[in-house]
Structures are given as structure tokens and as C-alpha cells.
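To start, the structure under review is shown below, and the notes come after it.
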Amino acid sequence: MRNIIIDCDPGHDDAIAILMAIANKDKLNILGITTVGGNGLLDNVTKNALKILSLVDENIPVASGARRPLIREIHTGTDFHGDSGMDGPILEDPKYEIVSMNAVEFMYEKIKESTSKVTLVPLGPLTNIALLLKTYPSIKEKIELISLMGGGINVGNRTAAAEFNIYVDPEAAKIVFNSGVDIVMAGLDVTNKAMIMDDELEMLKNKGKISNFVLELLEFYGKGSKEFGFEGSCLHDPCAIGYLLRSDLFKGKMYHVDIETEGTITRGMTLADKRPVSERDKNVYVLLDLNRKEFVDYVCECVTKV
Ligand code: BDR
Ligand code: CA
């Protein structure tokens, strides 16, 4: 059993990742969910997290965190995800409330009190995680792994060089990538391939209210994806959870990866050192490929069994 904390900004694909984790409670023990301003403003994405949990009757503690990046102004993903950060499905108002602790304190307490190490699963900008590692450096010893969605060593989406989550708070990403904690990076190299096609949405039809919710998420998200030139909808965030559940579906390689914070056109770039011989230690396992069909089937199987 792996203890996890999901740090997220739901977010259509964040929602699907959360549902995948909930569907696998025999393998993943979700200690809590923390939120960060990203796809939408903090209050909106936090409400979305609570709505998702209310839909599935899971009273998992939710703690809200950083409203904005460490240094820069917030840049939201509402152009893609809609004003709420998760437009499309209409969900009832949440029946749960956030805990009184801030996300950073919450993560610290949960990790400290856990009898075994904890895996962090960041699915949004890395602000909360950077604050945790800087405020409580000793906690690193109790972090098993950071399995994150972010970056791309060959491609960007927010800009030609940078993926959204890293672009929004590059200084936070730099802290996390240089923290010494083991990192698995589900970046665009793999998540752009984790695409669900329109005809595959059939797998979600008439399978109950949760699958229907996912279908509605993907119908909205799919429209945006097509405007950005994709044939289907990229299941970005589900890759970070999916790797913990089905690592056999993924292929990757160790690289030294660092974050560009100064560049005028490369802000937020995840630069991998691809030289055969390098003075830099390899610090990140970068996912590069996956079995798309099996992964899509698996995601659908998970969300239909919640
Ligand atoms: C990432 O940015 C957001 O749009 C998604 O939720 C995902 O975490 C993809 O670049
Ligand atoms: Ca996200």
C-alpha cells in the first residue's frame, strides 16, 4: 500500500486522476488532497476538488494552498479549462469543507505522522511542494517519491519551450527538481501520447454517474484539445497517478533535468542534459512513452469502477 498526497488544480484531467486514485484504494492510501492556483483561481479549483469528492461520497481531507506562484503573478489555464477551471459538467455544491490548515502545514503534518514514507503526486504548478521542501527540509527523508505531471524535455504547450504547470511557477519547479527527492516526471513527452480518441469515449457511456461525469469532462476538454491541434484529449494528469498503478505501461529514462527561470523565451523550460557524458547527476526519471491503448482502457476501467 502506498501513501499518497495529491496536490492539484482541478482541472478536467486532475479530476480523472483523482478518480483513478480513489478507484484503487487497495493500492493507494490517499492521505489528503491539496490545491494550488493553476487551471483556475485557487478558490475555484478548491471548490472543484470538494465537488468531485462529494460526487463520489469520499470525505478525503482537502487543504487549500498557494493562491499564486512564489514570485510571479498567477497565470491561469481558464482559456482551456473554462472560468471555473473545470467547466462542462454541472456538479452539486460540495457537502464537504476544507480543513483549517494550509496545504503546506497539512502536508507536513500528514507526512510527519505517517508510519511509512509518502509519495507526493503534484498535478499543478509546484508552488505548494516547493514551499513544503523549503520550509521543512527534514521532511524530504520521509518522501518516497514525487510523481508529477509537468514539463516536457522535447516539447512545450503553454509556450514552444514550456509546459503549463512549470511555466506558471518556474521558481517553484526549480526548487523541487533540485531538492534531491526522487522524481518521476510525466511530462508532455508521454502525456501528449496518452490521448483518448472520440470513439473510445464509448467505453464511458451508460456506465453510471461517475463515468458520465468523466464523459462530460472529456467532451468539454476534447473541444479545447482540438482547438490546440490535437486529434483527441490528452490525459496528462492521469499519467502521474497511472505510473504509480501500472508502471508496466510506461517507458522512461533517467536524465539530469533543470528548470529555466531566466530565459526571455524559454521561461519554465525543463532542460534535460542529453549529452552522453555529463558532470551533472541524473535526478529525474522522465517518462517518454506508453502503451496508449492499454492506458486508455485502464483509465476507463478505473473510472467506471469508482
Ligand atoms: C497540465 O496543465 C493543465 O492544463 C492540466 O491540468 C495538466 O496538469 C498540462 O499541461
Ligand atoms: Ca493539473
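The shown structure was predicted, so the numbers you read here are calculated from the model rather than taken from an experiment. Every number for a ligand or one of its atoms is a count from 1 in the order of the listing.
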Hey, are R292 and E200 close enough for a salt bridge, meaning a charged N less than 4.0 Å from a carboxylate O? yes
Would you please write out the protein residues whose heavy atoms approach any atom of ligand 1 to under 4.0 angstrom, listed by chain and number? D13, D14, N39, H81, L123, M149, N157, E163, F164, N165, H236, D237
Please evaluate residues D169 and T127 with respect to the criterion side-chain hydrogen bond (donor to acceptor under 3.5 Å, both in side chains), reporting the C-alpha separation (whole Å), side-chain torsions for both, the decisive distance (0.1 Å), and the verdict. CA-CA 7 Å; D169 198 344; T127 322; 2.8 Å; yes
Quick check: does L123 put an N/O/S atom under 3.0 Å from the Ca ion (ligand 2)? yes
Is there an N/O/S atom in D13 at a distance below 3.0 Å from the Ca ion (ligand 2)? no
Would you verify whether the NZ or CZ of R246 falls within 45 degrees of the ring axis of Y298 while also being under 6.0 Å from that six-membered ring's centre? yes
Within the side chain of N128, is there an N or O that forms a donor-acceptor pair under 3.5 Å with the backbone of A66? yes
Should the pair K253-D289 be classified as a salt bridge under the 4.0 Å nitrogen-to-oxygen rule? no
Any ion pair linking K47 and D43 (charged N to carboxylate O, less than 4.0 Å)? no
Vertex the Ca ion (ligand 2): angle to OD1 of D9 and OD2 of D237, to 10°? 140°
NZ/NE/NH1/NH2 to OD/OE distance under 4.0 Å, K174 and E171: no
